[in-house]
Amino acid sequence: MSKFIVRGGKRLKGTVRVSGAKNAVLPILAASLLGEEGVSVIHDAPPLEDVKTIHQVLEKLGASLSYEGETVEINAETLVSHEAPYELMRKMRASFLVMGPLLARTGKARISLPGGCAIGSRPIDQHLKGFEAMGAEIGLGQGYIEAKINGRLKGTKIYLDVASVGATENIMMAATLAEGTTVLENAAREPEIVDLANYLNKMGAKVRGAGTGVIRIEGVERLRGAEHTVIPDRVEAGTYMVAAAMTGGDVYVEGAIADHLGPVISKMEEMGVTVQPDENGIRVIADKPLKAVDVKTLPYPGFPTDMQSQMMALLLAAEGTSVVTETVFENRFMHVDEFNLMSANIKVDGRAAVVTGGLKLTGAKVTATDLRAGAALICVGLVAEGTTEVGGTHHIDRGYVHLAEKLSALGADIWRVHAEPTSTTADEDGSIKRSDASRVKSTMA
Ligand SMILES: CC(=O)N[C@H]1[C@@H](OP(=O)(O)OP(=O)(O)OC[C@H]2O[C@@H](n3ccc(=O)[nH]c3=O)[C@H](O)[C@@H]2O)O[C@H](CO)[C@@H](O)[C@@H]1O
Ligand SMILES: C=C(OP(=O)(O)O)C(=O)O
């Protein structure tokens, strides 16, 4: 069992480089299953646990993958299975993204139901509605979804009741090999969807309108492997922007694309943070007291739910009371109790959380309830008095490449330990000495 240990009080300064986007590389790797000939070469594939999981799913289906640094080569010419088992689905819901490509390519798919997770129930009805509209027969049994088609999927008009990112991606991938044209209405507009569409088009697909609410996909007979570079991770970038602002820092987030971070930048500016984007990244300077602001999460281009907990961490460092409203997931305030363990004062009322800023925060033993909650707890730890231990690191490893190393390079006092620190390592105030922690194996994975 590992933990991150953070000692608060260091101002962050310097440059941090953003990795490829988790939420772009996962659908892109799933889409590689559509390539009947040739190999795909994907650059800037971040070395994350989620990427390892989708790798295992693709291998199980018959694709072969090889890595050189952060470039992955995928050969999906021969597929040997159409089944994604529970053991892999339970690790990561995004494995469900293989359903569209499998159905389109092989005519059948058997996928374990992904189930709920810490942030909400996360149904998949819109994915299934899309596949059914395109002619798939869908059955449920023993925790699996089975889908099959006779011949090819048929292009049609599909209106999504919810602008779901995953459903948009799954249906878009399935429609690339359908007979005729699919028009997807109320489609999600996230940058990761545009990145997926760009990759599909390099593979020979005909996708138009990605990034708007209406996507048109003209089906083609075959797709082939293609070369593509994944966009930078806007949530990872936003997390470092928050960490910089919380600590009164001056940090250049290299690779961050300002266009993808509009609402995060606006809210930080409203708070009094100086944000200076240029063509290669974004500089964040926090040299004034922070002001409270209200934040409401919405589908893109609204404020991202994946930045909600980090933003809440930042609001703890602001003077005054802020209200954070979560509209995308019904249960994404699990981090609040953990923040309150660190002397925060946050009250949740339904979908809103009232955050009292400006209080002295103190280090504590806390647990990441999901990957963003974990990153947010680390951000609080950066300014809390004393030492914070963040458990649940497997969540954080799903979405952040070398988080402790990147923050350390900016001057943060953070490291990782692989064993439970013993009571002999704790000071009276609960803090842990680095010399004690170094007795347990440190991970510089
Ligand atoms: C791998 C990936 O890209 N994950 C992102 C993706 O997740 P994911 O694609 O799972 O999120 P969705 O956009 O599908 O979910 C948004 C909302 O729609 C609901 N819904 C979704 C599908 C469906 O069939 N029916 C339904 O009701 C969900 O319960 C949720 O309330 O978008 C989320 C919303 O920006 C992000 O938090 C996740 O980081
Ligand atoms: C919720 C997230 O991811 P996933 O959809 O993979 O659970 C996230 O990236 O914050």
Side-chain angles (χ1 to χ4, degrees), residues 19-31 46 48-54 57 88-100 113-133 138 145 158-173 184 186-196 230-231 233-239 260 263-264 297-311 326-332 334-335 351 368-376 394-401:
S19 298
K22 163 180 95 68
N23 289 352
V25 76
L26 296 175
I28 283 171
L29 290 179
L48 294 169
E49 284 306 312
D50 274 12
V51 174
K52 285 187 199 155
T53 304
I54 196 95
V57 176
L88 294 172
M89 287 301 303
R90 83 181 163 81
K91 286 196 201 169
M92 182 184 77
R93 294 178 48 84
S95 300
F96 197 69
L97 291 171
V98 297
M99 183 143 192
L113 274 165
C117 74
I119 60 178
S121 66
R122 305 184 73 175
I124 45 161
D125 56 305
Q126 298 303 304
H127 303 234
L128 301 184
K129 168 178 161 172
F131 298 143
E132 270 183 327
I138 312 268
I145 295 181
I158 300 162
Y159 172 83
L160 293 181
D161 301 329
V162 193
S164 154
V165 173
T168 300
E169 292 168 342
N170 232 341
I171 294 167
M172 193 163 89
M173 290 188 279
L184 186 55
N186 195 28
R189 291 180 276 168
E190 271 69 1
E192 293 77 17
I193 288 164
V194 179
D195 206 31
L196 173 63
V230 176
I231 54 169
D233 196 309
R234 63 193 164 104
V235 184
E236 188 199 17
T239 303
H260 295 173
V264 175
T297 66
L298 288 167
Y300 193 85
F303 191 93
T305 174
D306 292 351
M307 280 298 300
Q308 181 250 108
S309 54
Q310 302 91 311
M311 193 65 188
E326 172 61 54
T327 75
V328 179
F329 290 110
E330 78 266 19
N331 187 27
R332 209 172 191 180
M334 303 273 282
H335 45 278
R351 293 212 160 201
T369 48
D370 75 74
L371 75 165
R372 308 303 170 192
H394 61 284
H395 288 299
I396 301 171
D397 294 337
R398 284 189 48 216
Y400 290 90
V401 178

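Predicted model only: the values in this text are computed from it and were never measured. These numbers come from the heavy atoms of this one structure, side chains and all, not from hydrogens, waters or symmetry mates. Remember, it's 1-based here, ligands and their atoms both numbered in the order they're listed. We're numbering straight along the sequence, starting at 1.
Using a 4.0 Å cut-off between a side-chain N of Lys or Arg and a carboxylate O of Asp or Glu, E49 and K52 qualify as a salt bridge. Taking 4.0 Å as the cut-off between side-chain N and carboxylate O, D370 and R332 count as a salt-bridged pair. Looking at E236 and K22, no side-chain N of the basic residue comes within less than 4.0 Å of a carboxylate O on the acidic one, giving no salt bridge.
The salt bridge (Lys or Arg N to Asp or Glu O under 4.0 Å) check on E326 picks up nothing, with sequence neighbours excluded. Remark: H260 pairs with no residue by the ring pair (Phe, Tyr, Trp, His ring centres under 6.0 Å) rule, at least two apart or across chains.
In this structure, CG on D161 lies 3.5 Å from NZ on K129, to the nearest 0.5 angstrom. Atom CG of L97 and atom CG of L29 lie 10.5 Å apart (nearest 0.5 Å). Atom CD1 in I119 sits 6.0 Å away from atom OG1 in T305 (nearest 0.5 Å).
Each of N23, A94, R122, P123, I124, D125, Q126, H127, V162, S164, V165, G166, T305, D306, V328, F329, R332 has a non-hydrogen atom positioned under 4.0 Å from some atom of ligand 1. Annotation: ligand 2 has protein neighbours K22, N23, I119, R122, D306, R332, L371, R372, R398, each with a heavy atom less than 4.0 angstrom from the ligand.
For the pairing with D50, the salt bridge (Lys or Arg N to Asp or Glu O under 4.0 Å) check across R398, K91, R93 returns one residue only, R398.
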